[in-house]
Amino acid sequence: MENVRLIVDSSANTLSDPARNLEVVPLTLTFGEENLLDDENLNISDFLTKMEVNQEAGKTAAPSIQRWLDALDGAEQAIIVTITSGMSGTYSSALQARDIYLESHPLAKIIVVDSRSAGPELELIIEGIEEMLQDPKLRFADLESKIAEYRTKTSLLFLLQSLRNLSLNGRVSPAMAKLAGLLKINLIGTASVDGDLKPLTKARGMKKALKELVKQMEENKYQGGRVIIDECENLADAEKLKELILEKYPDAKITIRPMRGLCSFYAERGGLMVAFVNA
């Protein structure tokens, strides 16, 4: 199947790639009066420093409908994959853009997918779609159900070393965030089936935390399939996690990537996000 444009929002931790026919639509990150686009021009290290010295809760905003329309411009067939609707209005704005685009392009075919996740799991979904598009017998009309089926075979885990931003945003108490930092407690969680980020367990020290991540992967039926590790200024621990996985599953195909702005906003410096095919 040719000429299918793939579109994701910037929570996917990737950049636009003409070779893949892939467009990335940025979310907006706000600190006080300053709005930052989560695009290729955002310096992640500077952004993290800005976030760490900020004493007020930052905010994130979904892409405008116009940004989605710009990404769709000229497309006859397109598939949009968004961050979970449980965390953002991004899915809703993409749906509105699809409906507006179809009014002026009634013959176009557009699928909008709520990933129920974020970060590297969106990349896994895109990779799955790219593989589907190689099947000459597959009809566009059948893609939506195929994508939904594939999504049941992917999972996301995350590891947070800092809870400061969650504290500023009212997700955890300031006392808990401070205590976690003092005791070097790492929070491990997952993306639930409803698309919420759900804590699973805690581990004191990174060595235990990385082993716990591998354990949680196996409890999610990981058997040596594709893995993507996204890291927030923490390449060293991402490499250690990769080594732990390869010790048990030497044939696993593992990619390590840096996080972009949106995921760095939630994961903070030192955070990891791990997506994998679990069946």
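Because the structure is a prediction, the values reported are computed rather than measured. Computed over heavy atoms, backbone and side chain alike; hydrogens, waters and symmetry mates excluded.
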- prompt: Would you call Glu212-Lys202 a salt bridge at under 4.0 Å N-O?
  reply: no

Polar side chain donor-acceptor pair, Asp70 to Gln66, under 3.5 angstrom: yes

- request: Decide if the gap between the ring center of Phe47 and the ring center of Phe31 is smaller than 6.0 angstrom.
  value: yes

message: Salt bridge check, Arg116 against Asp114: does any charged N sit closer than 4.0 Å to a carboxylate O?
response: yes

message: Between Lys248 and Glu218, does any NZ, NE, NH1 or NH2 come within less than 4.0 Å of an OD or OE carboxylate oxygen?
response: yes

query: Between Glu123 and Arg20, is there a side-chain N and carboxylate O pair less than 4.0 Å apart?
result: yes

message: Closer than 3.5 angstrom, by distance alone: can the side chain of Thr49 be matched with the main-chain N or O of Ser45 as a donor-acceptor pair?
response: yes

message: Show, in sequence, the C-alpha distance, side-chain angles and deciding distance for Asp9 and Thr90, and conclude whether the side-chain hydrogen bond (donor to acceptor under 3.5 Å, both in side chains) test is met.
response: CA-CA 8 Å; Asp9 62 66; Thr90 299; 4.9 Å; no

query: Hey, does the side chain of Asn13 reach the backbone of Met259 with a donor-acceptor pair shorter than 3.5 angstrom?
result: no

task: Indicate yes or no: does Arg139 engage Asp142 in a salt bridge with an N to O separation below 4.0 Å.
output: yes

message: I'd like to know if Arg226 and Glu127 make a salt bridge, using a cut-off of under 4.0 Å between side-chain N and carboxylate O.
response: yes

query: How is the hydrophobic cluster of Leu102 composed, in terms of its other members, when Ile, Leu, Val, Met, Phe, Trp and Tyr link through side-chain heavy atoms under 4.5 Å apart, directly or indirectly?
result: Ile7, Val25, Ile65, Trp68, Leu69, Leu72, Ile80, Tyr91, Leu95, Ile100, Tyr101, Ile110, Val112

